Amino acid sequence: MTTLTKESQQPEHPELLELDRVTIRFAGDSGDGMQLAGTQFTKTSAVVGNDISTFPDIPAEIRAPQGSLPGVSGFQVSFASTEIYTPGDAPDVLVAMNPAALKTNLADLPRGGILVVNEDEFSETNLRKAAYASNPLEDGSLRAYRTFRVPISTLNSRALKDSGLTAVQIDRCKNMFALGLMFWLYSRPLDTTTRWIDEKFGKNPAVADANKTALKAGYAFGETTEMFATHYHVPKAPQQPGLYRNITGNEATALGFVTASKLAGRQLFYGTYPITPASDVLHELARLKRFGVKTFQAEDEIAAVGAAIGASFGGSLGLTGTSGPGLALKSEAIGLAVMVELPLVIIDVQRAGPSTGMPTKTEQGDLLQAMFGRNGESPVAVVAPATASDCFTMAIEAWRLAIKYRTPVVFLSDAYLGMGSEPWLVPDFESLPRIPVEFASDPATFKPYARDPETLARPWAIPGTPDLEHRIGGLEKSDITGNVSYDPANHDKMVHLRAAKIQRIAQDIPELEVEGDERGGLLVLGWGSTYGVITTAVQRARAEGKKVSMAHLRYLNPFPRNLGDVLRRYDRVLIPEINLGQLRLLIRGTFLVDAVGFNKVAGRPFTIRDIEARIAELA
Amino acid sequence: MVTASRDSKDGIEALSRKDFVSDQEVRWCPGCGDYSILAQTQKLMPDLGIPREDIVFISGIGCSSRLPYYMNTYGFHSIHGRAPAIASGLKASRPELSVWVVTGDGDALSIGGNHLLHVLRRNVDLQIILHNNQIYGLTKGQYSPTSELGKRTKSSPAGTIDAPLHPLTVALGAEATFVARTIDADPHHMVAVLGRAYEHRGAAFCEVYQNCNIFNDGAFAAFTAKEVRADRMLYLEQGKPMIFGKERNKGIRLNGLRPEVVEVGVDGITEADLLVHDETREDPTIAFMLSRMSYPEFPVPVGVLRAVQRPTYDALMTAQIERAVEAEGPGDVRDLFVEGDTWTVE
């Protein structure tokens, strides 16, 4: 246990140590401003040139009782002088603003880790709310950690006693004090955050000043107190030159879809119903009215997808977004879009299921629902972004495929991708390929269900086009004419045509690339948001001399055309998934490859260590 | 009555009813009331004065929902209950189109009840034609949400135990700006009401009493049969007292909060004592009262119960976009790319 008195024996000037990578978790009551402290730390770390990766841990309760265990909110940020792919398995530093935050997060802090606690909050009442029988600061239970007891509340109020603010307002600034302390500990400048404070509270100078004062007081406390024997420096990471910004997966998703609409020159129509963790996409798109984006907050998930289909029928980019339970409700309408062969993109920001499950927690449990969750033979294309920034790329790609093949495309993101952030190399808009859109216009040749010989897509004939009046619907269509048909041979033909159309996409997407050895040994095959942990785990295993390679699927239906060949070149195939083996089922069924799985469904991303351990068993 | 004023485009060729007949064979049971609704709809279309390609019929599932196949316009026969949602998406994204929803009592009030409520309260500029036959026809004779209590059907051999909905009451409760009723057996009235629905800006809800001669034959005959119609139905006319009867001597008077049938010329009652129909009343109380009047206690009101003005959803959506563009200029995604803090790596 480190206390102020004990630490005074430390050297007068703290030592500056260089580190490659640090992971900090800010944890406190949901009213303590931990998300804000975390995002500000992230921004500054990005600006000083570290590679960064973040993951917020937000309670499902909007306002759980103050100081209670369900009310704890956390934000983890990892920053490094090398390229990183994950927000870190475990924090190196835990900032716990109250006993509940300590209780819910301590298990993740490795022994020997730095623990900064706001000792002012360890009152009897708060300890009771956190179900502590005795005070962990006093009972020796924190001996295994490098614990720093800082009276953050007291120091913060003292710094702000002349601010003219109320006690409540002053107390709200304590996150800035904690942030200032972390800025000192990791040698970060304050100016990015002070600029942000000025912008945010520009209209209220007293509040702006108080926040800046608290931030500086925290920094000064680190500098002048003798509590910390060491502080740290994490040098810049080598990054591809260019302009960067920090972006979450949901932001990148929204941005990607707006960009797609510009690249296609068509209006974006987003029909949706609020659902965690997909609502941020709606919030992003709803403010983009000047881009001509229309957002429709429907009465339910079914109406949301229905409206999107209606918009697509009219020639717009009909987009709908949801999370797992909502995808279940949309099933019938997606089947309709399969039958009427109109473009439609469905965002599924997956969360832990089944049923309502754990709405703020991540999972990859919807792959088979996306693939098969409809009646009849009802194939759709499925894509899955691998990282937060990849959400931008794959959103555009989803629209390219939906338009070209006149098909629903499911975009499988998840809570981890959606809420996590990383630096994004801002693309050059001019260099992005345009998405061609062709509407039928010639009455002499128009047949509603005639097909493009290359893509097998039917014509997109939108209302308002003279002499192309035609009727579509969910009843089976006759080939070419689109008339209602119960003819057995026609149905068989149409079922095969719809399947073949989706398979044609395989010729239009990149081949799967392998990182590592061209053949032999273990191949780790992943999909979606596990890219970061798998990459890091495989890199580490290879550094240890293990014969292990990796490949990552961003196209789940159809698969890249070389996938079968790739799989057969390796002795063993490991498929880690945050589900009970959904991709594995598809791979085994499609390619007769005896793939094994790593399946942990805890509502959390995998840790690098998880994957490393499984690799060690197999390679 | 129908005018060619709304959205009419100059220089379009005059169309006739035949231009709106598709090449598909009509497959309703012979004698079905849907034939009449189809015929009046086709008859109305040329009078609208808009190009055929700008007209879209969207339906759900059920006998009524086959109608789009028979209209030579754009059409979408969708899934059960969801036509209002699909139509909302189309109209919101393409406000210049004339979008018609065709639905039935099961489609609109059972499986699609939620969508009906919301399309009405949003006031999306659509015409919604509900064919009410008080039975499930396509699934061959189960009771519907408008079937009368106690009705014996294949699925209710001992009689239904669930109270029916009154479609017009539901529409008024959902803040509908236009609420009307007509019957399949009165083509002139129907075409007039459908025309009024078209002229209305906003969600125009029309219930059509439609006979299913196979599973619920004669459901409305007690008041729609030609020989009794005058005495048992109340044809609402804007600004006119509510008079009915072969002799035009019966009327509706308000007694406190309740309507009552009175005879003009008896007990000193004159026309001046009768309720005067005003479809433009903002207060929906009288319209609600009319929506509850049923035979035999009352004559069954038909015509436009309510027609009030409220901005449409699609117009408001367009206006928000126009305002945003005016205030901030048209969006450039390159500005979005660099929102928030950016930094340059050399």
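Since the model is a prediction, treat every value here as computed from it, not as a measurement. By convention in this document, chain letters (A, B, ...) are assigned in the order of the sequence lines, proteins followed by strands, and residues within each chain are numbered from 1.
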Is [X] in contact with chain B via its backbone, its side chain, both, or neither, using a 4.5 Å heavy-atom distance?
X: Val305(A); answer: neither
X: Leu425(A); answer: neither
X: Thr259(A); answer: both

Counting only heavy atoms closer than 4.5 Å, note whether [X] contacts chain A via side chain, backbone, both or neither.
X: Tyr313(B); answer: side chain
X: Ile321(B); answer: both
X: Val56(B); answer: side chain
X: Ala87(B); answer: neither
X: Arg121(B); answer: neither

Any side-chain donor near an acceptor of the partner, [X] and [Y], under 3.5 Å:
X: Thr54(A); Y: Glu422(A); answer: no
X: Ser478(A); Y: Asn483(A); answer: no
X: Thr465(A); Y: Ser441(A); answer: no

Ring centres of [X] and [Y] under 6.0 Å apart?
X: Phe41(A); Y: Phe79(A); answer: yes
X: Trp424(A); Y: Tyr244(A); answer: no
X: Tyr70(B); Y: Trp28(B); answer: yes

message = Using a 4.5 Å heavy-atom cutoff, which residues in residues 100-119 of chain B come close to chain A?
response =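 Result: Asn114(B), His115(B), His118(B).
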
Toward chain A: residues of residues 76-85 of chain B with heavy atoms under 4.5 Å =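 Interface residues of residues 76-85 of chain B: Phe76(B), His77(B), Ser78(B), Ile79(B), His80(B), Arg82(B), Ala85(B).
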
task = Flag this pair as yes if the NZ/CZ of Arg434(A) is under 6.0 angstrom from the six-membered ring centre of Phe429(A) and inside a 45 degree cone about the axis; otherwise no.
result =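 Output yes; distance and angle both within limits.
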
request  = Indicate yes or no for a side-chain donor-acceptor contact from Lys289(A) to the backbone of Arg323(B) under 3.5 Å, with no hydrogens or angles considered.
outcome  =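 Answer holds: no.
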
ask   = Which pairs, with at least one residue in residues 298-310 of chain A and sequence neighbours excluded, count as a salt bridge (Lys or Arg N to Asp or Glu O under 4.0 Å)?
value =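 Qualifying pairs: Glu299(A)-Arg122(B), Glu301(A)-Lys330(A).
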
message = Applying salt bridge (charged side-chain N to carboxylate O under 4.0 Å, His left out), can you list everything that pairs with Glu339(B), at least two apart in sequence or on another chain?
response =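 For Glu339(B) the salt bridge (charged side-chain N to carboxylate O under 4.0 Å, His left out) partners, ignoring immediate neighbours, are Arg287(A).
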
